[in-house]
Amino acid sequence: MSTAAPPAAPPTIPILSGGKWTQSKSTRTSDVFNPSTGQVIAKVPLCSKSEADDVVKAAADAGPAWAATPVVERARVLFKFRELLMQRFDEVARLVTREHGKTLAEARASVQRGVEVVEFACGIPSLLMGQTLPDVARNVDCETVRHPLGVCVGITPFNFPAMVPMWMFPVAICCGNTFVLKPSEKVPLSANFMGELLTEAGLPPGVFNIVHGDKEVVDALLTHELVRAVSFVGSTGIAKYVYEMGTKHGKRVQSAGGAKNHLIIMPDADLDQAVAALQASAFGCAGERCMAGSIAVPVGDVAGRFVDRLCEKASKMTVGPTDTGAEVDMGPLITAAHRDRVAGYLDVAQKEGATVALDGRKDLPTSGFFVRPSVVDMVQPEMQLARDEIFGPVLSVVRANSLEQALAVGKKCPFGNGASIFTNSGYAARQFKQHFNAGMIGINVGVPAPMAWFPFTGWNQSFFGDLHVQGLEGIQFYTQGKTITTRWFATAAESHADPIWRSK
Ligand code: NAD
């Protein structure tokens with residue numbers, strides 16, 4: 001008889017409400033996987049509506065004192081948070097890798113992008129300054145100042161477990177709001193770790209809260225009378241739903257959705273540079289990026305050479321578990337169901353008459369959720385491969401005869417997140433940046449994702465709302481302006497003349 005102890009059940013992770021970590025009372029849970037092995041590493045509670053209500057109330061209770069905390073002191077807490085993030089940088093990155101599956105190098109890069117948002121938010125005393133105009137009318141001065149909104153909510157996707165939450169809460173908190181994060185139930189561990197670091201940084205209880213769950217919690221947050229603003233990042237269908245539901249209930253909503261990003265390769269491009277950039281863009285993070293290149297559009301006679309060279313390079317990429325210490329080029333997808341959906345697109349491609357030039361369903365690791373880099377050539381713009389967001393390492397190639405035809409491919413696309421051109425022609429680059437139907441444009445850049453100081457300006461079905469995350473738009477989103485008009489009359493005893501004009 002074996003004496004070995006049975007394997008410990010995966011722990012159910014807590015929620016953070018009003019500064020206290022507590023176990024949810026919900027009996028509903030969801031599995032958190034290590035996608036590299038397929039093992040369940042934790043359970044996440046799917047909280048109830050009433051638990052969401054409690055968390056929002058805790059955030060509202062903490063609001064007045066936090067909003068009254070001098071902005072310089074609020075910034076200092078964020079400086080301390082940044083310091084802790086840097087000290088524990090590798091732990092955060094490893095956690096991202098463990099629950100998401102991206103390589104450690106990719107996880108580090110993503111955490112670094114989040115840190116940059118914290119650095120941006122640390123400049124809040126300058127960023128929050130208003131505008132003043134003395135003498136806008138006779139004896140009248142006018143000024144605009146920015147006030148916090150109240151309780152802000154962030155609902156985040158699985159693909160960047162630390163970075164996307166950091167697009168939101170550092171800015172919201174620095175502006176004087178309190179925050180409730182509802183992380184993706186697929187990757188809740190990194191979010192909880194950041195909650196611990198914020199507490200250690202000295203953030204007062206209730207300023208940052210975490211509630212885990214699914215639609216029940218999301219709906220409770222979207223309709224809660226104390227919630228003032230909602231930031232959402234996720235797939236287009238849910239982004240639209242969140243935008244409509246949130247605005248219907250009087251919230252300010254910024255809601256970023258899915259994408260289908262085009263990368264145009266002109267005949268005059270440096271082909272080695274373009275292929276390397278396309279490879280990183282399409283297969284980095286296993287294609288699970290909203291800014292991943294998913295349609296290559298080679299123009300003219302470069303197409304054959306481009307496809308051959310890309311397939312040759314992509315076929316040599318090492319694919320495997322990302323948490324063993326062994327270096328690989330690409331990790332797994334998030335779940336078994338998503339792996340099957342992504343791999344299924346290669347069957348769809350064959351049925352639609354496209355050519356699978358590189359089939360990523362071969363030689364896969366025996367456990368975990370893997371698909372290797374795949375390239376589908378001869379895709380037509382009306383095919384499913386060109387229309388659906390696949391969100392995996394499957395690059396479609398739509399061949400075009402001219403730049404105009406390449407621009408037309410983009411015009412038909414319902415999404416509008418990112419797009420890039422590879423060229424040595426200033427004219428082609430200019431035409432592309434002026435006319436391509438997307439909000440974030442790259443010129444000889446594979447992933448034109450803006451850094452923290454610039455807004456993440458998705459268009460069309462890739463974004464619902466007005467003010468995007470990041471940059472000054474983020475500050476505007478998390479504050480409301482107040483404009484003050486002042487008139488003071490001089491008394492008889494007071495001089496009307498300004499002393500600097502008075503002659504001696
Ligand atoms: P998702 O839409 O499935 O989930 C996002 C969030 O919504 C999660 O927190 C989830 O719990 C919640 N949710 C899911 N179903 C819901 C429902 N029916 N009602 C209410 N809430 C619900 O997205 P995902 O699969 O986690 O993430 C991948 C998607 O996110 C991709 O489409 C990707 O393009 C997109 N994304 C977009 C950006 C951007 O900036 N545009 C950035 C990152 C990811």
Side-chain angles (χ1 to χ4, degrees), residues 28 30 32 35 44-47 49 52 99-102 110 113-114 117 153-168 180-188 190-191 210-223 230-246 253-261 285-294 333-335 337-339 341-342 388-392 413-419 438-440 447-450 454-465 468-471 473-474:
R28 293 195 308 129
S30 182
V32 181
V44 60
L46 302 176
C47 293
K49 183 173 187 285
E99 65 177 342
H100 176 275
K102 63 182 78 196
S110 75
R113 282 286 147 103
V117 181
V153 161
I155 301 161
T156 51
F158 78 79
N159 65 326
F160 284 102
M163 181 189 83
V164 172
M166 282 196 276
W167 280 358
M168 303 170 182
V180 176
L181 176 64
K182 204 304 282 174
S184 164
E185 64 276 32
K186 297 187 180 104
V187 294
S190 310
I210 303 174
V211 61
H212 294 295
D214 56 6
K215 182 172 167 51
E216 181 173 341
V217 160
V218 171
D219 284 348
L221 297 171
L222 292 176
T223 54
V230 177
S231 302
F232 175 89
V233 176
S235 54
T236 285
I238 312 294
K240 192 162 184 281
Y241 168 77
V242 165
Y243 180 74
E244 288 172 355
M245 187 75 147
V253 182
Q254 51 178 194
S255 199
K260 191 84 187 166
N261 305 310
C285 295
E288 290 175 327
R289 283 191 288 195
C290 67
M291 291 295 281
S294 59
L333 293 167
I334 189 70
T335 57
H338 188 52
R339 184 246 349 252
R341 180 182 168 275
V342 169
D388 293 1
E389 181 182 41
I390 299 174
F391 219 55
C413 178
F415 299 102
N417 232 27
M440 289 174 275
V447 183
F454 291 89
F456 210 87
T457 44
W459 280 11
N460 309 327
Q461 300 285 303
S462 294
F463 183 75
F464 304 90
H468 300 81
V469 294
Q470 290 199 163
E473 288 195 33

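The analysis underlying the following values was restricted to heavy atoms, covering all of them including side chains, and did not include hydrogens, waters or symmetry mates. Numbering of ligands and ligand atoms starts at 1, following listing order.
Among G258, G234, A292, G237, the residue whose heavy atom lies nearest to atom 35 (C) of ligand 1 is G234.
When side chains are defined from C-beta on, F232 does not count as touching V218, because their heavy atoms never get closer than 4.5 Å.
If you number the atoms of ligand 1 from 1 as listed, the ones under 4.0 Å from a heavy atom of S184 come out as 9 (O). When each atom of ligand 1 is checked for a heavy atom of E389 under 4.0 Å away, the hits are 31 (C), 32 (O), 33 (C), 34 (O). Atoms of ligand 1 found under 4.0 Å from any heavy atom of N159 (numbered from 1 in listed order, with element): 43 (C), 44 (C).
Between P157 and ligand 1, not a single N/O pair is under 3.5 Å apart. Residue K182 places at least one N or O, backbone or side chain, under 3.5 Å from an N or O of ligand 1. At least one N or O atom of T156 sits closer than 3.5 Å to an N or O atom of ligand 1.
With sequence neighbours left out, E389 forms a salt bridge (Lys or Arg N to Asp or Glu O under 4.0 Å) with no residue at all. Partners of S231 under the side-chain hydrogen bond (donor to acceptor under 3.5 Å, both in side chains) rule, at least two apart in sequence or in another chain, are Q254, Y478.
Among protein heavy atoms, atom 28 (C) of ligand 1 sits closest to F391 CE2, 3.6 Å. In this structure, atom 13 (N) of ligand 1 lies nearest to the protein heavy atom I238 CG2, 4.0 Å. Ranking protein heavy atoms by distance to atom 11 (O) of ligand 1, first place goes to E185 OE1, 2.6 Å.
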Problem set entry | Stepwise side-chain contact (heavy atoms from CB on, under 4.5 Å) check, D219 with K49 | CA-CA 8 Å; D219 284 348; K49 183 173 187 285; over 6 Å; no
